[in-house]
Every structure is written in C-alpha cells, then in structure tokens.
Enquirer: 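Structure incoming, see below.
Note that ligands are numbered from 1 as they come in the structure, with each ligand's atoms numbered from 1 the same way.
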Amino acid sequence: MREDKANTTRPYHRVVVKVGTTLITDSANRLDLEAMASIVGQIARLQRDGAEMLLVTSGAVAAGRHVLDPTGQTGNVLMRQALAAIGQGRLMNAYEQLFDWHEVHVAQTLLTRRDLSDRMGYLNIRNTLLGLIKYRVVPIINENDVVSVDEIEGDVIGDNDTLSAMVANIVDADLLIILGQTEGLFTSDPHLDPDARLIRKVSYFTNEIDALGGPSFDSRGRGGMSAKLNAAKLATASGVNTIFASGSLQNVVPRLVNGESLGTYFPTGANRMESRKRYLLSQIRETDVIVVDPGAVRALVQGNKSLLSAGILHAHGEFERGDVVLVEDKDNRRIACGISGYNSQDVHKIRRLRSDQIGQTLGYHFGDEVIHRDNLVVLASPEAAHV
Ligand code: GLU
C-alpha cells in the first residue's frame, strides 16, 4: 500500500492497465467501441473515486490496417509505421470520446525505447506522467511505432506488455494489470488442452514458469504469454504487483483494484522504495555532489521535501540534467541522492536563489525543484537533521 494513501481501504492506489489489440478490435481490425467503452468505464469510475489510473493500449497498427486494407488483401506487407500513424489518431480519438462521456480527461503519451533509456528522456517522461496524474488526467500510452523500426536492432520495445512494465516502474505504480483474452497463466495452452489449469499465484519465476510462455496464440497483437511473463518479471523486480486477467470478465479492473482475487497474481517481493534507492545508488558518480545548508538538510530528512535552489551552497563535478547526484551537508556527510533537474552549471548560477528567480536567471525553468522529492532518496538518519 502507498504510505501516503494509508487511509483508503483500497489495496491499490496507482494502477497501470494494459489492454492488447485483440481485446479492443474485431477480426476485421475495426476498433471494438463496445469493448473499449467497457474498459474505459471501469477506469474512469476508479479514477473518479480517487485512484490514479494509467492506460497502456495497443490497437494503432490494427486500426490503421482496417483503414488501408479493410478486405485484408495485402497480407502483411503494409508498413507497420504507416499503419500506426494512421491508426493512432483513430485509437486516441475513440478513447477521448469515451472518457469524455465520463468527464475524465486523457492525455496521449507516445514513448520509444530511446526516450526511456536516455537519462533526460526518462526524467522528462517521469515528470510528465506524474504531472498528469497530479492533474487527475489519465495518460493513454502506446509505443511511438512511427519512429521505432524493427529493422534497427534494439530500437523497438516491440510489445506493449514490456512497455506497460516500464511505465509501471517509472511512475512507481502499486499494481500492473495486464488484460488479455485468457483468464491468466495456465499450466498449458487452454485452447489445446482441456486439462489446463489456471495458476492463481506466482511468487517466484522458475524455469517451469518461464517454459509456460511459449509463442503468441494470436496473430494481431505482438505480445503473447512470454512477453507477458517478462513484463511481470520486470514489474515485480521494481516493486510493482502484477496481475494477468481476462479483459472480458465483468468489471474486472475495479474488482482487481479492490483486492478481489482473479486471474494470476504475481506479488512483488521488492520494496518500491528499496528498489528506487538501489537504482539511484547504482547510478551515482561520487564526484557529482550538491552541498546544502542545515535548513535544506532538515527539509529533506525530516520534511520529506524537494531540494530547492535556496538551500544549495555549492555543487562539485560536472553533471547533466537527469544525472544522479549526491547531496551532502557542509561537513561532507551524505544526506540524500537524487536525479538533478538542472545541470551543474545551472546549479552554480541558481544556488542560494529563490525558486521564483530561476527563470529570469537562466532564461528557462525546468521546475522549482533542483531535485524533486519524487526523484530523491534520503540516505541520512533523522539525527542528521539535528546537527
Ligand atoms: N504498439 C502497437 C499498436 O498500437 C502494439 C504492440 C503490441 O501489440 O503489443 O498496435
């Protein structure tokens, strides 16, 4: 449970829902508005009840194919990029109208592998998604298929299962729900084996579990069970509980978010704070340090606040916006580490200044915080604030 939401009875508060192509299109690749309306209704109600919802959705390529090739005569020769470019607008338009009906605002977010692996891109994406959540807007996320091509190795994320796990990690979600056509993970392919049993809970990834992945059963989406299992691995390793469930089950999303046991549950063994700390610590370069005054130490350690320019005494090293830096007090004690929103030259210029002077000093403004509390982990014990 999120510490800051401990007063709500719902076990999950920030939730990423992933919806695959087959769930929201028919066999002619047409968007299935009825299926979309059902999922949108579930997400919108939860959002209006106070949960923080994000939707990762496929369907752009299929929707584009429906436009260019309604009779399916071309086989698969049409360019995936072109199809995605045509279909993404239609997909988004449908979602926008459906969410509008519930008076919930949405925002299109298209991501690429390069954006996510680039430090600055990662920071910008995280800030944008957290900002949207704060404004009570539902981000609707897809891979930017137009700029990622299969032909360049490592260029595409490729399947939205993996993308959904990356997003869940970036926003520190409590729960990732991967909706598919089957009820969850089975002991064998339920389409072929009448004795196939649903596995209710997977606490560890063993070779036996990995072997259940197999190839995709479905020709239109890209994922398949092995992509889903990889996504579950990625998400649970970064502290996000994951559930596979059937998208056609009545009211499945609210039921899961409210703690009902359906589908296959992958509890996370990792503590989100610990994994973020590990990640940040692994990125530190000892030479990149921001030295802060006692007031800032107190604000960080006791107040759980962001680091503001006013509390900064100096900065050492050369770092870029998006780099992880150490925060130390004037006696070289480690107070925290976090992702700097400004590069080292900027930090030199804005140290000791009030946040409202940043814009006029630099000529631009990436936000009031030099390190936002969402991107910061305190390393010092509470006593550090008393010295
Ligand atoms: N991004 C692709 C689309 O919108 C789907 C990828 C997937 O099927 O996982 O069509």
Side-chain angles (χ1 to χ4, degrees), residues 16-33 35-36 39-40 54-70 72 74 76-96 98 106-116 125 138-152 154-168 176-182 213-235 242 244-247:
V16 176
V17 179
K18 186 261 166 177
V19 172
T21 300
T22 27
L23 215 55
I24 55 159
T25 55
D26 67 9
S27 53
N29 293 313
R30 200 172 28 190
L31 290 174
D32 179 345
L33 294 179
M36 290 174 79
I39 289 163
V40 166
L54 298 94
L55 174 62
V56 174
T57 181
S58 311
V61 172
R65 196 178 294 284
H66 174 71
V67 174
L68 276 199
D69 188 24
T74 61
N76 262 344
V77 294
L78 291 170
M79 263 176 75
R80 192 179 153 74
Q81 280 70 35
L83 295 176
I86 298 164
Q88 179 63 30
R90 297 188 159 233
L91 180 69
M92 200 55 211
N93 185 30
Y95 274 122
E96 214 156 36
L98 293 167
V106 296
Q108 167 173 271
T109 313
L110 297 176
L111 302 177
T112 64
R113 184 177 282 285
R114 259 166 294 164
D115 302 329
L116 291 163
I125 292 164
V138 175
I140 299 187
I141 302 152
N142 196 355
E143 180 165 7
N144 192 348
D145 295 305
V146 176
V147 300
S148 318
V149 292
D150 282 328
E151 288 68 21
I152 301 177
D155 195 40
V156 286
I157 301 167
D159 66 86
N160 276 1
D161 298 310
T162 306
L163 175 63
S164 67
M166 290 171 157
V167 168
L176 166 63
I177 299 175
I178 299 188
L179 293 178
Q181 287 195 298
T182 50
S216 172
F217 304 139
D218 144 38
S219 54
R220 289 185 305 128
R222 287 200 136 192
M225 197 44 88
S226 62
K228 288 185 175 46
L229 283 172
N230 279 334
K233 244 183 234 176
L234 190 64
T242 303
F244 297 171
S246 160

Enquirer: Quick one: does ligand 1 sit under 4.0 Å from the side chain of Asn160, the backbone, both or neither, non-hydrogen atoms only?
Expert: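 Both the backbone and the side chain of Asn160 come within reach of ligand 1.
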Enquirer: Output the distance between atom CG (Leu111) and atom CD1 (Ile125), rounded to the nearest 0.5 Å.
Expert: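 Going from the CG atom of Leu111 to the CD1 atom of Ile125 covers 5.0 Å.
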Enquirer: Should Leu68 and Leu83 count as side-chain neighbours, where that means a heavy-atom distance under 4.5 Å?
Expert: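 Heavy-atom side-chain distance check passes, below 4.5 Å.
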Enquirer: Taking the side chain as C-beta and beyond, is there a heavy-atom pair between Thr25 and Leu31 under 4.5 Å?
Expert: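 They are in side-chain contact.
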Enquirer: Can you figure out which of Leu163, Leu83, Asp145 has its heavy atom closest to atom 2 (C) of ligand 1?
Expert: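 Comparing heavy atoms across Leu163, Leu83, Asp145, the nearest one to atom 2 (C) of ligand 1 lies in Asp145.
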Enquirer: Please identify which atoms of ligand 1 are closer than 4.0 Å to at least one heavy atom of Asp159.
Expert: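 The list of qualifying atoms is 9 (O).
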Enquirer: For Gly59, is the nearest heavy atom under 4.0 Å from an atom of ligand 1?
Expert: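 Gly59: in contact with ligand 1 (<4.0 Å).
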Enquirer: What atoms of ligand 1 come closer than 4.0 angstrom to any heavy atom of Val61?
Expert: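 The list of qualifying atoms is 3 (C), 4 (O), 10 (O).
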Enquirer: Checking side-chain contact (heavy atoms from CB on, under 4.5 Å) for the pair Met166/Arg113: CA distance, chi angles, key distance, verdict?
Expert: CA-CA 10 Å; Met166 290 171 157; Arg113 184 177 282 285; 3.9 Å; yes
Enquirer: Please work out, at 4.0 Å between heavy atoms, whether the side chain, the backbone, both, or neither of Arg80 comes within that distance of ligand 1.
Expert: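 Side chain only; the backbone of Arg80 stays clear of ligand 1.
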Enquirer: In the structure I gave you, are the side-chain heavy atoms of Thr57 and Ile140 within less than 4.5 Å of one another anywhere?
Expert: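 Contact flag for Thr57/Ile140 side chains = yes.
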